Amino acid sequence: MSLDRRDVLRYGATAAAAAAVPLQLAAPAAAVPGADAGSTDHAKIVAAYRELQIGSNRSSPKRNRAVAALDQVAVGYDAAMNVTADQLWPDLPVGPGSTYFPSMYYRLRTIAVDWATPGSALSARPELPERIATALNTLYRTQYNENTAEIGNWYSYEIGVPYWLLQTVVALGDRLSAADRERVLRPVLRFVADPNRRTNNPATVETGANRADKALITVVSGALAGDSARVAAGIAAVTDTVGGGAADLTRRTTRGDGYHPDGSFLQHDVVPYPGHYGLVLLSAIAALTYVTQETATRLAPAVREEFEQVVTDVHAPFLFAGSMMEPVRGRMLSRQGETGHDAGHQFIASVVLLARTATGEARTRLSRLAARWIAEGTWAPYLDVSNVGRFAGGLQPVGVPEVEFAEQLPRVQGDSDDASAHRTFPQMDRMVHVTRRWAASLGTGSARICRYESINGMNLHGWYTGDGVLYTFLPEQQGHYSDAYWPTVDATLLPGATVKDAAPPPLLADPPRTTRSFAGGARFDDRHGVQALDFVSQDGTLSAKKSWFFAPDAVICLGAAITDSSGAPVRTAIENRNLGENGTAALLVDGHRDTSPLGRPTVVPHARWLHLEGTAGYVLLDGYDNKPLTLLREDRTGTWLGIDTGANTHGTSDPYTRRYQKIVLDHGVRPTGASYAYAVLPGASAAQTRRAGGRWKVLANSGQVQAVRLDGHLTAASFFSAGAVDRVQVSGPATAVWGRTRRGWTCALADPTQTGDTVRVTADPAGHRVVRADPTVTVVATHPELVVDIKVAGSFGATHSFTVD
């Protein structure tokens with residue numbers, strides 16, 4: 001079966017030639033009379049994968065800008081490349097190990113893709129493919145071949161470099177000879193021999209993002225090799241046919257890597273990663289779906305639907321104004337080429353690609369979402385590609401194909417879908433609270449989920465990122481965390497964290513977990529929820545009970561039982577905000593502007609409320625006369641290299657300076673049972689902050705229970721042990737929100753320890769007849785008090801609720 005005219009127009013003559021690579025027992029080219037259908041499919045896969053690198057030459061001003069951005073980097077890489085020597089670039093030494101050679105392949109891939117992109121600066125260079133082929137053969141001989149030993153990071157040999165090598169090969173197409181193509185692909189076939197297993201340790205079954213990457217690499221390399229069995233193996237790896245589905249990427253697991261039933265996504269067993277590895281997985285699946293969509297080996301509809309669903313269930317909750325939220329990005333916080341906006345862009349690109357292969361309602365839904373997200377991101381616009389040079393091979397930046405695809409999104413009508421939402425993700429100790437004006441999320445750790453991840457030279461200031469940090473996101477400050485925040489922020493005073501004024505703890509290669517299981521919360525409705533943490537420092541000297549109560553316009557923060565034996569001063573950061581370069585946002589203290597000199601801390605012995613212009617209001621809720629605040633506005637300078645020295649990810653040594661406003665509560669030295677209570681009102685005006693002083697009542701703030709009366713008729717509480725508050729008693733650890741709604745008196749409760757069996761709730765609401773209850777709720781008695789048992793065992797921290805009339 002040969003390619004017909006329609007196929008040639010879509011896939012190009014280059015694809016037909018690429019499919020003819022005589023690797024192993026490769027089938028004949030699809031363009032040859034009598035070739036089988038498998039070869040036709042191979043040509044389609046190769047051509048589609050090439051399109052994912054260079055686009056389809058749909059001219060537009062945005063596309064032209066993306067080409068120019070690629071030119072800027074590719075021309076420089078080519079100019080510096082010496083193909084007459086073994087060392088192609090003067091700053092990348094030749095030698096064994098994974099330190100430098102991945103960057104060599106990434107640069108070569110950039111040059112090849114630019115050459116293959118119509119209208120680019122290098123596309124007019126007919127001699128360039130020969131230079132690239134010479135460089136490929138040099139790298140094959142000196143760095144990466146089928147006899148190379150894996151030295152250093154296994155990922156470089158089995159995923160990173162194979163990707164860039166394949167992309168280089170498909171970009172060159174028939175300008176790379178069959179003999180050269182066969183030769184340089186040998187290490188890919190060796191190091192990704194089985195997409196289900198780790199090559200350097202065959203006992204390791206690949207999971208999550210790594211499995212998805214290997215599935216795509218296997219399919220594309222199989223198509224280039226004309227190996228139908230290899231292509232089929234890559235498709236089968238998605239659902240782990242070989243392993244009986246144990247590592248099926250569509251399966252919701254309750255342990256370890258992958259998607260979880262509550263929408264969590266973990267990689268490396270204990271790291272929340274919807275904002276990186278989850279995106280890597282989704283990107284690989286979107287590409288795999290795209291390149292196989294018109295072949296006999298395409299993914300089954302049910303499999304594609306599962307991945308279309310995780311777009312909204314797993315990733316979208318953490319996307320704010322085009323940026324992925326910090327608590328789900330793990331160690332990637334420290335990558336100069338992977339800000340929250342970069343991660344958000346990769347997510348959007350995946351959704352756009354999924355929309356191109358979806359049908360019916362799914363296509364409309366995905367297209368509408370992608371278009372809205374692109375429109376919302378104004379700080380780093382998705383379609384305005386620039387500064388591509390800062391990418392070093394992590395997430396693939398938005399480029400020519402991504403711009404072309406986004407500009408082809410169908411025009412669809414629909415609401416903006418900007419309603420409030422509160423979601424908990426207890427299987428990764430995360431939550432997200434979204435209002436019409438702002439959003440928030442928490443970074444917490446427990447005996448289940450790590451405090452931070454710091455490996456391969458990355459996230460060198462990650463000490464406290466999972467110790468109860470409150471991240472707030474404002475539409476007027478979209479660039480807050482992407483604008484050189486992590487290189488310049490005082491990472492020992494992140495907002496919400498209670499820490500010692502001492503040297504940070506040593507960074508541990510094995511992502512550290514705490515010794516305590518209490519971390520989680522309960523969702524009451526789209527506008528209210530509670531989250532709590534039984535905190536202990538990495539060295540074990542500092543402990544505290546911490547709770548956050550979420551309302552439509554505020555987060556009420558309580559801390560109690562703050563105790564430390566180290567002898568270092570202990571403090572809680574209310575705020576540490578990036579004001580940008582030379583920021584001038586006014587800080588008001590009880591209505592008076594703070595005029596403290598830049599760089600000089602000022603102690604305020606008492607205050608009722610504060611307001612930081614353009615950011616938030618802060619209301620002190622407990623005994624402010626005895627809770628001194630330290631205010632400091634300072635300029636801080638740092639480099640991306642200071643927080644990421646990874647061999648293939650490291651940032652530059654260019655200094656960045658940003659101005660910060662700190663608001664810090666001081667607890668003194670060796671505190672015993674210290675506490676705090678304050679409210680954060682993101683986006684509030686000074687007048688709104690001043691009026692908010694009496695809105696919330698702290699009902700309890702101790703080591704046993706923390707509780708707040710919210711607006712209206714709601715009470716929210718964190719019970720660290722059995723206790724009672726506001727006419728509700730619980731028999732063991734729990735977080736709960738209760739009060740009257742239009743349906744009746746409702747109680748929502750969760751077990752943040754995820755270790756309990758049954759929590760008994762005893763209450764005295766106005767009515768005692770249960771009219772709605774989750775299956776886990778059993779009514780024990782209705783008089784004289786209402787008594788219900790809630791079976792929390794096996795629910796992994798999920799919220800249970802019931803309503804009485």
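Predicted model only: the values in this text are computed from it and were never measured. For reference, positions follow the sequence shown, starting with 1.
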Exercise for review: Please confirm whether the backbone N or O of Arg329 pairs with a side-chain atom of His276, one donor and one acceptor, at under 3.5 Å?
Suggested key: no
Sidechain-backbone polar pair: Asp41 side chain, Thr295 backbone, donor-acceptor under 3.5 Å:
no
Using the rule given for side-chain contact (heavy atoms from CB on, under 4.5 Å), can you reason through Ile235 versus Thr292, listing the C-alpha separation, both sets of side-chain angles and the distance that settles it, and then say yes or no? CA-CA 9 Å; Ile235 294 294; Thr292 62; 4.1 Å; yes
message = Once you measure the plane-to-plane angle for Phe265 and His315, does it fall in the parallel (<30°), tilted (30-60°) or perpendicular (>60°) bin?
response = tilted
Charged N-O contact under 4.0 Å between Asp78 and Arg131: yes
Strictly distance-based, threshold 3.5 Å: is any side-chain N or O of Glu407 a donor or acceptor partner for the main-chain N or O of Ser60?
no
request  = Evaluate the criterion ring-ring contact (aromatic ring centres under 6.0 Å, His included) for residue pair Phe425 and Phe318; output intermediate values, then yes/no.
outcome  = CA-CA 11 Å; Phe425 299 82; Phe318 294 99; 4.9 Å; yes
Salt-bridge contact Glu294-Arg298 (side-chain N to carboxylate O under 4.0 Å): no
**Message:** When you compare the side chain of Arg390 with that of Asp342, does any pair of heavy atoms fall below 4.5 Å?
**Reply:** yes
In terms of heavy-atom contacts, Ala48 and Tyr290 come closest through O-CE2, 4.2 Å
Please report, to 0.1 Å, the donor-acceptor pairs under 3.5 Å made by any side chain of residues 380-389, with sequence neighbours excluded.
from, atom 1, to, atom 2, distance (Å)
Asp384, OD1, Lys62, NZ, 2.4

(Q) Less than 4.5 Å apart, side chain to side chain, heavy atoms only: is that true for Pro129 and Leu176? (A) no
Any donor and acceptor pair, going by atom type alone, linking the side chain of Asp114 with main-chain N or O of Thr110 inside 3.5 Å? no
_Whether His268 and Tyr273 hold their rings parallel, tilted or perpendicular, with breakpoints at 30° and 60°_ = perpendicular
Check your understanding: Any donor-acceptor pair under 3.5 Å linking the side chain of Lys214 with the backbone of Arg197?
Key -> yes
Determine whether Tyr140 and Glu146 satisfy the following criterion, side-chain contact (heavy atoms from CB on, under 4.5 Å), listing intermediate values before the conclusion. CA-CA 9 Å; Tyr140 170 81; Glu146 65 273 23; 2.8 Å; yes
Worksheet item: For Val403, does its backbone N or O pair with a side-chain atom of Arg58 as donor and acceptor, under 3.5 Å?
Response: no
Counting only heavy atoms not in Arg251, do more than 12 fall under 6.0 Å of its CZ? yes
Exercise. Are any of the side-chain heavy atoms of Arg211 and Asp240 separated by less than 4.5 Å?
Worked result: yes
Contact check, side chains of Asp257 and Asp269, non-hydrogen atoms, under 4.5 Å:
yes
task: Any chance you could lay out the ring-ring contact (aromatic ring centres under 6.0 Å, His included) test for Phe101 and Tyr157, step after step, and finish with the verdict?
output: CA-CA 10 Å; Phe101 88 93; Tyr157 298 86; 5.2 Å; yes
Note to self: Does Glu150 have more than 12 heavy atoms from other residues, nucleotides or ligands lying within 6.0 Å of its CD?
What the structure shows: yes
- Please determine if Arg423 and Asp313 form a salt bridge, counting it only when a charged side-chain N lies under 4.0 Å from a carboxylate O. yes
Problem set entry | Flag, side chain of Arg141 to backbone of Thr138, donor-acceptor distance under 3.5 Å | no
When rounded to the nearest 0.5 Å, the distance separating CG of Asn64 from OG of Ser120 is 11.5 Å
**Prompt:** Is Leu166 close to Gln53 at the side-chain level, that is, under 4.5 Å between some pair of heavy atoms?
**Reply:** no
